[in-house]
Amino acid sequence: MANRDPLRDIAEIAIMRSRNFGADMAEAYISSNKELSIDVREGRVETLKLAEERGLSVRVMLEGKTGFAFSTDLSPAGAEEVARHALFNCKSTAVDPYNRLPSPGGLYPGLELYDPDIHKATVEEKIALAKAMEESARAFDPRVKVIESSTYQDGEILVTLVNSLGIDSTYRGAYCGIYLALAAGEGEESQTGFAMDFGLKYKPLNPAMTGQEAARRAVRMLGAGPVKTRRTDIVLEPYVATGFLGIIGPALTGEAVQKGRSLFAGKTGARVASEKITIIDDGAKADGIASAPFDGEGVATGRTVLVRDGVLQGFLHNTYTAAREGVQSTGNGVRGTFKSAPEVGFTNLYIKAGDKHPQEIIKEMESGLYITEVMGMHTANPISGDFSVGVAGLLIEKGELSRPVRGAAMGGNILDFLKKIDGVGNDLLFYGGKGSPTLRITGMTISGQ
Amino acid sequence: MVDKVLLKEVLDAATASGGDFADIFVEEKSTTWIGCEAGKIERVQSGVDAGAGIRVISGDATAYAYTNDLSSQGLREAAKVVSHAAIGGKSGVNLDLTGVKPLVDFNFLERPEHVSTEKKADLVQTADRAARAAGGDQIKQVIVSYGDAVQKVIIANSDGNYVEDERIRTRFMVQAVAASGAVIQTGYEAVGSLCGFELFNNNPPEQVAEEAARRAVQMLSASPAPAGRMPVVMAGEAGGTMVHEACGHGLEADLVQKGLSVYGGKKGQIVASNEVTVIDDATLPDRYGSYRFDDEGVPAREVVLIKEGELVNFMYDRLSASKEKMVSNGHGRRESYQHKPIPRMGNTYIAPGKIDPEKIIRETREGLLVKKMGGGQVNTTTGDFVFDVAEGYLIKDGEIGPLVRGATLTGNGPQVLSIVEMVGSDLGFTIGTCGKEGQGVPVSDAQPTMAIKEMIVGGTSQAAVSPNGKIRRL
């Protein structure tokens, strides 16, 4: 063969050695990444970071047991060592008849994941993007006082996946994005704001808009006062709504169901949310930052509707949870890095856009609270669905946003929350792999002073 | 891993076109992780991650490159990349690479690689059984995880320093899920330290498991926490989430210098009640956040941050220290060779006082007793923080009353620390992974039993936004 891929050769050696050591089935995953990030502050490059990372992991099955090992040593000897460790780790795990690797056969979606413009743009051009974003934030309002970081970031990845059942796949992808975090100040008071713009394509990055967005978020909170305890309708900005989707997410995996920690277990076919809510995971979404032709096990990715018009349709699966459930993998065997085995995870997870402009949603309201910041979301309990978070935002009075408020708390249960959604905006926005439009929820209790 | 001759060549290449300071951090980290759920050992994973990070600082600018390729060619290429980004003249490069003396030494008694995987797996299963036995029928799920890491590092820099170090950390976590009717509660306990398998000499796995199971089962019958302002007693055993969030992050010099800390410009001022002394000490034996050298090769030492209410110091790495013409006080840490060092906490605690902890409870007419804290987060710009209460009780007339659930405490760092009224003689550490700028590092934190005049339960007094420091309990 003329153009042998050296990474594939190493993957094949790892498979061969695993088989020699006695594995019934073996899988080798190799990723090779390059990343660039540039932090700018006050018009100067504060940090320029270039990264190259390569690694191999091997997963083996032997008599119903599974073992996993990884290494950054991509020599033939390194591959053999990883195979040996994977087999060794296999010995201490429990026998489970559903441990298996996928066979080839799925049709991979055709995706354009590699924009050559990202690679073509020079470092100087990328620095200029970060500078332009910072300038646009400062120009937006003189009260923008501190730039925490104005960052440009990109990366490319080459994934090679081979298993002993015949899967032999590879793909190349790239992403890029800009991120700005800042603080606005007036007198003693200081408020923070941020904005980001990440995607698969270089040219659409919009530093001017991102800079203004971060500045607007901080400035509009200046002068925030307390709010009285009240029962009111609330509107969640897409970023905040996406945070709540993050609490629901884990419960939508087959793993959570099988382990008894999904609050949606046994509810397939039942109404779990307002009829306005449709939740989708789509690993083959065009322009999706988490899109890939195949998942971390070599299974084709695809679009899985999890909740349709409020009714639970099913769960996400990798090969293991699908086998246990007697269904097909949904292509959600996700690997964070080569250092982790493929676990059930999300790709591009989002709440489908509705048809109302967010301004219309607010306009209909006599009073309410527009929530722009939530604190303590990571303390929500994904098993029970209980959450208690700090919130800040803007009051809604007679269909308009009025004064900023902070110092409020909002508690509840996510299941109840999903059912009380009565408005979905047409403004679906992604923050990394997750996204949501603006959402309105009726009758929430906001505790303040 | 990499010899001194090559290190010198790399540093030389990195500073070829200028720079005030350059360093290289070479790391080889071997890890083992065992996960058990539903009574079965589901995952046994191990691996080796090796690589090097090379940094050049010129003025305020940092250029950083990392690679897994530890060959001479791989390192030279990375050095070349950073040298291009360096600007300005070269100043005082010294490539003597002389060893640095530590101020403390740690001994690892039972190295993880000398303990068989079977023995580690047995320990995990022992905990699983113990949790189920302790919690009875109400225990629906038990998750146990064991992890160890042997991290070998070499640090060399253009000040001529050379450090070789090894950090061994072991951690163990049990989460129990209990259910009764429609009520589901979880209980959680974790131990970890800068040590090997000897961790379990003082922390038997059964004990960790029983604690997690007990908490899960007890929470089933807890009533919802009341909301509002009330006096709060933090038990010594509750852990140090509050000190970590209320002031720890805000005392990291990079945030202070960027104008992102409520403690900025307050050195020498009173920022807490005179009962409060806050220390970060990475030299403590047998703590999860301990280290001999930080990740810039600076020897760890005790750093008093707040002394009897007065702000006396911040936590510095080399870069933030140089901006104030000072030297680092040993707080430059990084998650791995893939990250540049930034000021981070190690073991942060409020120093114990003299009062008997029981007396503090007895003298509280009514309020909330926090027996165990969960995770938390802070916005250092405003000092507003929030954390969960994993186990809390109501206090009435000096007596510990009913268990409550779902409590979240919020407050403002300087404000809460200024109303600390009594400080007990005890001290209890908890471990966690502290996240900042996308880097997780192992830390521990502690505080004695403390009476706080009032805090907001179940709400946020000044809702903080966009947290820039948070801690997750392992």
Side-chain angles (χ1 to χ4, degrees), chain A residues 41 44-55 57 66-73 82 85 88-94 96 145-146 148 181 183 190-194 221 259-261 339-341 373 375-376 378-379 381 383-384 386 388-392 406-409 411 447-448, chain B residues 34 37-38 40-51 60-69 78 81-82 85 117-118 121 140-141 177 184-186 227 258-260 338 340 374-377 379 381-382 386-388 406 408 410 458-468 470 472:
Chain A
R41 243 157 64 84
R44 287 160 58 195
V45 175
E46 190 178 58
T47 308
L48 181 118
K49 184 173 168 185
L50 272 146
E52 279 198 62
E53 183 189 53
R54 287 168 150 206
S57 61
T66 182
F68 176 89
F70 66 86
S71 176
T72 46
D73 180 355
V82 179
H85 275 108
F88 187 74
N89 289 340
C90 210
K91 287 186 191 144
S92 296
T93 63
D96 188 326
K145 291 272 170 19
V146 179
E148 191 173 342
S190 183
Q191 294 285 350
T192 52
F194 82 95
M221 289 306 293
K259 298 269 172 65
R261 44 183 156 85
K339 288 185 260 185
S340 52
E373 303 277 359
M375 196 182 182
H378 73 295
T379 64
N381 184 335
I383 299 177
S384 65
D386 289 338
S388 170
V389 293
V391 297
R406 57 201 280 240
S447 349
Chain B
I34 300 174
E37 189 165 351
K40 290 190 310 193
I41 301 281
E42 292 186 326
R43 291 173 183 88
V44 178
Q45 307 185 341
S46 61
V48 182
D49 188 356
D60 285 347
T62 299
Y64 193 82
Y66 71 81
T67 178
N68 298 127
D69 185 352
V81 163
V82 289
T117 307
E118 286 86 348
K140 300 299 175 206
Q141 189 57 275
V177 181
I184 301 174
Q185 290 293 328
T186 56
K258 285 182 181 176
L260 294 170
Q338 302 191 351
K340 67 167 180 170
Q377 63 187 43
N379 178 324
T381 307
T382 56
V386 57
F387 63 87
D388 320 326
T408 305
T410 65
T460 85
S461 59
Q462 294 104 19
V465 289
S466 301
N468 47 11
K470 61 172 144 187
R472 273 177 198 277

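Convention: sequence-line order gives letters A, B, ...; per-chain numbering from 1.
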Student: Which one, Ser46(B), Ala63(B), Gly47(B), leads in non-hydrogen pairs under 4.5 Å with chain A?
Tutor: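 Option with the greatest count: Ser46(B).
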Student: Which one of Ala65(B), Gly259(B), Ala78(B) has the most heavy-atom pairs closer than 4.5 Å to chain A?
Tutor: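 Of Ala65(B), Gly259(B), Ala78(B), Ala65(B) has the most heavy-atom pairs under 4.5 Å with chain A.
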Student: Counting heavy-atom pairs closer than 4.5 Å to chain A, which one of Asp69(B), Ile41(B), Ile34(B) comes out on top?
Tutor: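 Looking at each option in turn, the highest pair count goes to Ile41(B).
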Student: When you compare the side chain of Phe70(A) with that of Gln45(B), does any pair of heavy atoms fall below 4.5 Å?
Tutor: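 The answer is no; the side chains never approach within 4.5 Å.
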Student: Heavy-atom count around Arg43(B) CZ within 6.0 Å, excluding the residue itself: above 12?
Tutor: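 Atom CZ in Arg43(B) is crowded, with more than 12 foreign heavy atoms closer than 6.0 Å.
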Student: What's the separation between atom CD in Glu373(A) and atom CG in Asn379(B), rounded to the nearest 0.5 Å?
Tutor: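 It is 9.0 Å, given to the nearest 0.5 Å.
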Student: What part of Arg44(A) gets within 4.5 angstrom of chain B, counting heavy atoms only: side chain, backbone, both, or neither?
Tutor: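 Answer is side chain: those atoms of Arg44(A) sit under 4.5 Å from chain B.
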Student: At a 4.5 Å cut-off on heavy atoms, which part of Lys140(B) comes close to chain A: side chain, backbone, both, or neither?
Tutor: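 The answer is neither part of Lys140(B).
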Student: With Thr186(B), which residues qualify under side chain to side chain contact (heavy atoms under 4.5 Å, CB included), at least two apart?
Tutor: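 Asn381(A), Ile383(A), Gln175(B), Val177(B).
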Student: Looking at side-chain heavy atoms only, is the closest gap between Val82(B) and Leu50(A) below 4.5 Å?
Tutor: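 No, too far: nothing below the 4.5 Å cut-off.
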Student: Can you tell me which portion of Ala121(B) sits under 4.5 Å from chain A's heavy atoms? Options are side chain, backbone, both or neither.
Tutor: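 Only the side chain of Ala121(B) comes within 4.5 Å of chain A.
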Student: Which bit of Gln338(B) comes within less than 4.5 Å of chain A, counting heavy atoms only: side chain, backbone, both or neither?
Tutor: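 Its backbone and side chain both get close to chain A.
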Student: Rounded to the nearest 0.5 Å, what separates atom CD in Glu52(A) from atom CG in Asn68(B)?
Tutor: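 Between atom CD of Glu52(A) and atom CG of Asn68(B) there are 8.5 Å.
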Student: Identify which part of Val146(A) has an atom lying under 4.5 Å from any heavy atom of chain B, answering side chain, backbone, both or neither.
Tutor: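 Answer is side chain: those atoms of Val146(A) sit under 4.5 Å from chain B.
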Student: With a 4.5 Å cut-off on heavy-atom pairs, point out which of Val81(B), Thr62(B), Thr117(B) contacts chain A the most.
Tutor: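 So the answer, after comparing Val81(B), Thr62(B), Thr117(B), is Thr62(B).
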Student: Assess the side chains of Lys340(B) and Thr47(A): does a donor N or O sit below 3.5 Å from an acceptor N or O?
Tutor: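 On atom types as modelled, these side chains qualify, holding a pair under 3.5 Å.
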Student: Which atoms of Glu118(B) are under 4.5 Å from chain A, going by heavy atoms: the side chain, the backbone, both sets, or neither?
Tutor: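 For Glu118(B), backbone and side chain are both near chain A.
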